[in-house]
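Structure first, commentary second.
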Amino acid sequence: MLVRPRFFIQRTGNKLKGSIQKERDRTISARDNKKNQTQINEEIRADEVRLIDEEGVMRGIVSIDEALALAEQADLDLVNISPNAEPPVCKILDYGKYRYEQQKKEKNAKKNQHVTEIKEIRLSASIEDHDVEVKAKAATKFLQDGDKVKVSLRFRGRERDYTQLGFDAMKKFADMVADYGVIEKEPKMEGRRMNMFLAPKKDKK
């Protein structure tokens, strides 16, 4: 059976267009709501709710039918803002605007949240001082950005017999970036490779 969409049609002038547009907005909001699992309007299954009206006034505990009627009178939505409360807390508001504000907050939170990464700097036992300085500058930038740094040094051939040179090189490298990083894991041999981990100083950015 074909079910046709219902619109609250008013017969006077531009009100017809406005009513259909609002119904479309609510349809889009409902579709968006399914992804976010926020209960609105008839999706709220509780028999009673603690109601906050469109002016922000706490109305106390009312039946769901009364809350829906008040939301309809205000031409707004009933939104369950605290589903785990007993009874759930619902507020009368414009859901489209509410969802926009929520998405804006989430976007800003993600923007301010830094995900720590581990960047790798590779050295060699025969690396020149100038090259060490270049790599130290790169490591400093990573540490300033809040990332950790893995410093690795690979020994080739007979270089394996001179691991003390590797420890010395690691210490020198750590000293060069000491203003912005601290040794999180001391240099350690793993096969033919020596690894050291640096972490950002908490008071340096």
Side-chain angles (χ1 to χ4, degrees), residues 1-119 141-150 180-181 184 197 199-205:
M1 181 176 67
L2 179 62
V3 179
R4 296 183 181 278
R6 296 175 58 191
F7 299 108
F8 298 101
I9 299 178
Q10 300 177 24
R11 298 293 182 181
T12 55
N14 292 331
K15 290 184 178 180
L16 173 59
K17 182 178 179 181
S19 179
I20 293 176
Q21 184 61 49
K22 286 180 180 178
E23 187 65 20
R24 286 175 178 169
D25 290 343
R26 290 186 177 183
T27 300
I28 294 171
S29 294
R31 191 184 305 127
D32 176 65
N33 170 56
K34 288 181 180 179
K35 298 178 182 178
N36 297 284
Q37 299 181 342
T38 300
Q39 294 178 338
I40 64 172
N41 301 326
E42 287 77 8
E43 295 174 356
I44 302 170
R45 300 303 181 188
D47 294 328
E48 293 182 327
V49 299
R50 192 177 300 277
L51 181 65
I52 302 173
D53 67 17
E54 67 274 20
E55 301 295 334
V57 177
M58 176 64 74
R59 292 289 192 99
I61 297 176
V62 301
S63 70
I64 185 63
D65 290 336
E66 181 180 351
L68 287 169
L70 290 170
E72 187 174 353
Q73 288 174 16
D75 199 20
L76 294 171
D77 300 296
L78 184 67
V79 181
N80 189 345
I81 60 173
S82 185
N84 294 326
E86 186 60 42
V89 179
C90 296
K91 189 172 183 179
I92 296 174
L93 47 78
D94 181 335
Y95 178 74
K97 184 177 180 181
Y98 170 79
R99 185 58 196 152
Y100 171 78
E101 292 296 333
Q102 291 295 105
Q103 290 174 334
K104 190 175 179 180
K105 289 179 181 178
E106 291 169 5
K107 186 176 180 180
N108 288 334
K110 288 181 180 179
K111 187 184 298 183
N112 296 327
Q113 182 181 15
H114 177 78
V115 178
T116 301
E117 297 181 9
I118 297 179
K119 307 290 188 178
K141 178 65 168 59
F142 294 146
L143 293 166
Q144 285 179 299
D145 290 341
D147 294 317
K148 295 183 179 182
V149 176
K150 175 184 177 181
Y180 296 93
E184 184 178 58
F197 288 85
K201 274 190 175 181
K202 292 184 178 180
D203 59 340
K204 289 282 186 179
K205 291 190 178 178

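- A donor-acceptor distance shorter than 3.5 angstrom exists from the side chain of N41 to the backbone of L78, with no hydrogens or angles considered.
- Among all heavy-atom pairs drawn from I118 and F197, the shortest one is CG2-CE2, 4.3 Å.
- Of the inter-residue distances, the one linking K91 atom NZ with L51 atom CG reads 10.5 Å to the nearest 0.5 angstrom.
- Across all their heavy atoms, I64 and A46 have their closest contact at CB-O, 3.3 Å.
- How far CZ of R50 is from CD of E86: 9.5 Å, rounded to the nearest 0.5 Å.
- Checking side-chain atoms of D53 against main-chain N and O of E55 turns up a donor-acceptor pair under 3.5 Å.
- Closest approach of A85 to V89, counting heavy atoms only: CB-CG2, 4.1 Å.
- Separating the CD atom in E72 from the CD1 atom in I92 is a distance of 11.0 Å, to the nearest 0.5 Å.
- Atom NZ of residue K107 and atom CD of residue Q103 lie 10.0 Å apart, to the nearest 0.5 angstrom.
- Counting only heavy atoms from C-beta outward, the side chains of L93 and L76 never approach each other to under 4.5 Å.
- Taking the charged nitrogens against the carboxylate oxygens, R99 and E106 do have a contact shorter than 4.0 Å, which makes a salt bridge.
- Interatomic distance, CG of L70 versus CD of E54, reported as 8.0 Å (0.5 Å rounding).
- Shown here for C90 and I44, the closest heavy-atom pair between the two residues is SG-CD1, 3.9 Å.
- Looking only at distances, a side-chain donor or acceptor of D77 sits under 3.5 Å from a matching main-chain atom of Y95.
- The minimum heavy-atom distance between K119 and E117, with the atom names listed, is NZ-OE1, 3.0 Å.
- Of all the heavy atoms in E48 and P87, the pair that sits closest is O-CB, 3.4 Å.
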